[in-house]
Amino acid sequence: MSELNGSNVELKDRIRQRLLDKRDPALFEGNQADKRLNLREAVRRVLEEDRVIIPGSEMARLVREISDEVVGLGPLEELLRDPRITEVMINAPDNIYVEMGGRIQRAWVSLDSEAQVLHLIERVIGPLGLRIDESQPYVEARLPDGSRLHAIIPPLSIHGPAVTIRRFSALPFTYDSLAANETVTEPMVRFLDAAVRARMNIIISGGTGSGKTTLLNVLSSSIPEHERLITIEDAAELRLAREHVVSLEARPANIEGRGLVTVRDLLRNALRMRPDRIIVGEVRGGEALDMLQAMNTGHEGSLSTCHANSPADLLVRLETMVMMAELGLAPGPVRQQIAAALDLIVHTSRLQDSSRKVVRITEVRGLSDRGLELVDVFRFRAAGLDDEGRVVGRCEVGNPPACLDRIAAAGVVDLVWGNS
């Protein structure tokens with residue numbers, strides 16, 4: 001019998017290889033927790049066969065490292081277990097970065113080779129029926145915990161495979177937590193809560209990583225419990241704080257180029273599923289027309305997000321995306337559709353200090369001779385940085401919006417402009 005130090009890499013590699021050579025199907029059955037329990041028992045049997053004794057703490061570490069490699073994502077598992085990390089970015093096997101606390105920094109782990117990076121990608125996308133190769137050199141997929149993975153490989157990625165994993169908080173955000181983070185102010189919270197309950201059509205705009213999806217999840221908590229929600233996404237990310245939810249997810253084409261289901265296809269199906277509200281995770285293309293038509297035909301209270309640099313830019317993007325539907329619509333009718341469908345634009349931004357903030361809540365007042373008329377209801381104005389490098393500023397409250405009449409008509413009477 002021999003005693004082993006847990007840092008012995010040779011033993012770990014030997015055990016891992018023996019487990020892989022056996023290809024015991026029991027190791028890969030069940031959920032992730034079951035797989036790790038099965039693997040622990042398998043490691044224990046190998047150690048007994050080799051007459052090796054190690055301390056309990058070293059045994060736990062050995063099992064964790066081996067299970068990370070055999071049924072997990074290898075060294076990345078250590079990063080994915082850290083609740084402070086919101087993004088993992090693999091530029092090269094030995095060049096990995098993470099976003100922690102809103103700031104990007106070099107990770108303390110590395111991978112052995114490009115082959116290991118490709119193996120990790122295949123481990124995620126294989127069970128989902130997806131592929132990545134020279135004919136399809138990029139892919140989006142969802143991890144078991146809901147995190148989103150994007151991978152791109154050569155020849156599109158010049159210096160080898162690149163992977164980005166965006167993680168989402170295990171604990172859902174609430175209005176209170178957003179207010180505590182100073183993402184929104186208390187008057188904004190009361191206004192947005194009232195607007196959602198009054199079934200106003202709202203699009204959240206902003207740049208990548210500005211908190212659009214998080215805010216959409218929070219707004220859903222204002223929807224009455226009895227309403228039926230249909231969510232439509234390219235890759236499922238929404239975690240709505242409601243029970244009566246049907247979640248739909250688009251599907252890419254298979255290897256033969258068949259089976260493609262677009263967001264637009266799902267939107268048309270959703271209209272036949274008796275929705276009280278339709279929530280589109282993100283509008284990117286021709287589905288913008290179907291969403292606007294749904295808002296205009298009895299599905300008030302719909303919510304969505306869209307990449308844009310400002311509320312005005314959002315309207316231009318919507319107009320462009322409607323044109324992508326290739327129905328030969330003229331700009332005039334398209335703007336009329338937007339003016340009739342859309343009530344509010346909530347614009348989020350990631351500021352200089354990496355904090356995320358709702359910087360504008362804008363009302364779409366309608367269509368005038370000058371085009372679509374926008375009026376800011378709330379606007380955050382930055383005044384600079386404090387001694388700790390944080391952005392400081394103030395939230396300006398505009399004149400009472402025209403939608404206050406609709407909010408009052410819907411029975412939402414706890415919003416008093418000027419005293420909010």
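Basis for what follows: all heavy atoms, side chains included, without hydrogens, waters or symmetry-related copies. Because the structure is predicted, anything quoted here is derived from the model rather than measured.
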Practice prompt. Among H244, R199, R242, find the residue that satisfies the side-chain hydrogen bond (donor to acceptor under 3.5 Å, both in side chains) test when tested with E227.
Written response: R199
Worksheet item: Yes or no on side-chain contact (heavy atoms from CB on, under 4.5 Å) for R264 and L289, after CA distance, side-chain angles and deciding distance?
Response: CA-CA 9 Å; R264 195 168 185 197; L289 174 61; 4.1 Å; yes
Practice prompt. Would you check if there is a donor-acceptor pair between the side chains of T214 and N217 at a distance under 3.5 Å?
Written response: no
Worksheet entry | CG on D193 to OH on Y175, rounded to 0.5 Å | 5.0 Å
Worksheet item: Does some side-chain heavy atom of L79 sit less than 4.5 Å from a side-chain heavy atom of I165?
Response: no
Worksheet item: Between D353 (side chain) and V391 (backbone), is there a donor-acceptor pair under 3.5 Å?
Response: yes
Response to the item:
Taking every heavy atom of T174 against every heavy atom of V218, the minimum-distance pair comes out as C-CG1, 3.8 Å
Fill in: Trace of the salt bridge (Lys or Arg N to Asp or Glu O under 4.0 Å) decision for E249 with R251
CA-CA 7 Å; E249 184 178 32; R251 184 179 68 188; over 6 Å; no
Fill in: Side chain to side chain, S302 and M291, heavy atoms closer than 4.5 Å
no
Fill in: Derivation of the side-chain hydrogen bond (donor to acceptor under 3.5 Å, both in side chains) call for D133 and S135
CA-CA 5 Å; D133 50 39; S135 63; 2.6 Å; yes
Fill in: Check: E134 side chain, Q136 main-chain N or O, donor-acceptor pair, under 3.5 Å
no
Practice prompt. Provide the closest heavy-atom pair for G207 versus H307 in the form atom of the first, atom of the second, distance.
Written response: C-CD2, 4.0 Å
Practice prompt. State the CZ-NZ distance between R356 and K212, to the nearest 0.5 angstrom.
Written response: 10.0 Å
Discussion item. Please report the interatomic distance CG(L111) to CD1(I96), rounded to the nearest 0.5 Å.
Written reply: 4.0 Å
Worksheet item: When you look at CZ of R103, are more than 12 heavy atoms from neighbouring residues, nucleotides or ligands closer to it than 6.0 Å?
Response: no
Worksheet entry | Atom of L238, atom of E233 and distance for their closest heavy-atom approach | N-OE1, 3.0 Å
Worksheet item: Can you tell me how far CG of L314 sits from CD1 of I345, rounded to the nearest 0.5 angstrom?
Response: 4.5 Å
Fill in: Closest approach of E186 to A179 (non-hydrogen atoms, all atoms of both residues)
OE2-CB, 3.7 Å
Discussion item. Is the shortest side-chain heavy-atom distance between V283 and M321 below 4.5 Å?
Written reply: yes
Discussion item. Checking S310 against H347: is there a side-chain donor and acceptor pair closer than 3.5 Å?
Written reply: no
Worksheet item: Are the side chain of N201 and the backbone of G301 linked by a donor-acceptor contact shorter than 3.5 Å?
Response: yes
Practice prompt. Scan R148, R284, E287 and name whichever one has a side-chain contact (heavy atoms from CB on, under 4.5 Å) with D234.
Written response: R284
Worksheet item: Any side-chain heavy-atom pair from R277 and V196 closer than 4.5 angstrom?
Response: yes
Response to the item:
Heavy-atom nearest pair, T348 first then S210, reads OG1-OG, 2.9 Å
Discussion item. Any side-chain to backbone donor/acceptor pair from S304 onto I203? Under 3.5 Å, distance only.
Written reply: no
Worksheet item: Are any side-chain N or O atoms of Q105 and backbone N or O atoms of M100, one a donor and one an acceptor, separated by less than 3.5 Å?
Response: no
Worksheet item: Are any of the side-chain heavy atoms of S205 and R317 separated by less than 4.5 Å?
Response: no
Worksheet item: Is a side-chain donor or acceptor of R268 paired with a backbone partner of D290 at a separation under 3.5 angstrom?
Response: no
Worksheet item: Can you find a side-chain donor-acceptor pair between S110 and D94 that sits under 3.5 Å?
Response: no
Worksheet entry | salt bridge (Lys or Arg N to Asp or Glu O under 4.0 Å) between R350 and E99, worked out | CA-CA 14 Å; R350 188 168 182 177; E99 181 187 68; 2.2 Å; yes
Worksheet item: Are I204 and L219 close enough, and set up right, to give a side-chain contact (heavy atoms from CB on, under 4.5 Å), and what steps lead you there?
Response: CA-CA 10 Å; I204 302 168; L219 292 184; 3.8 Å; yes
Discussion item. Within a 6.0 Å radius of atom CD on E182, are there more than 12 heavy atoms belonging to other residues, nucleotides or ligands?
Written reply: no
Worksheet item: Do I202 and D343 pass the side-chain contact (heavy atoms from CB on, under 4.5 Å) test, and can you show the C-alpha distance, the side-chain angles, and the key distance before you say yes or no?
Response: CA-CA 6 Å; I202 301 172; D343 297 309; 5.7 Å; no
Worksheet item: Given M295 and Q337, is the side-chain contact (heavy atoms from CB on, under 4.5 Å) satisfied, shown in steps?
Response: CA-CA 9 Å; M295 291 177 173; Q337 286 259 21; over 6 Å; no
Worksheet item: Are any of the side-chain heavy atoms of P93 and E114 separated by less than 4.5 Å?
Response: yes
Worksheet item: For the side chain of E363 and the backbone of C403, is there at least one donor-acceptor N/O pair under 3.5 Å apart?
Response: yes
Discussion item. Do N181 and T183 pair up side chain to side chain, a donor and an acceptor below 3.5 Å, judged on atom types alone?
Written reply: no
Item to complete: Using a 4.5 Å cut-off on heavy atoms from C-beta on, say whether the side chain of L80 contacts that of L143.
Response: yes
Discussion item. How close do V364 and A339 get, counting heavy atoms only, and between which atoms?
Written reply: CG1-CA, 4.4 Å
Worksheet entry | Between CZ on residue R274 and CG on residue D276, distance to nearest 0.5 Å | 4.0 Å
Response to the item:
Rounded to the nearest 0.5 Å, the CG atom of D265 sits from the OG1 atom of T262 at a distance of 3.0 Å
Worksheet item: Is the number of heavy atoms from other residues, nucleotides or ligands within 6.0 Å of CD (Q352) greater than 12?
Response: no
Discussion item. Would you say that V184 contacts F378 through its side chain, given a criterion of any heavy-atom pair below 4.5 Å between the two side chains?
Written reply: no
Worksheet item: With distance as the sole test, does E122 use its side chain to make a donor-acceptor pair with the main-chain N or O of L118 at under 3.5 Å?
Response: no
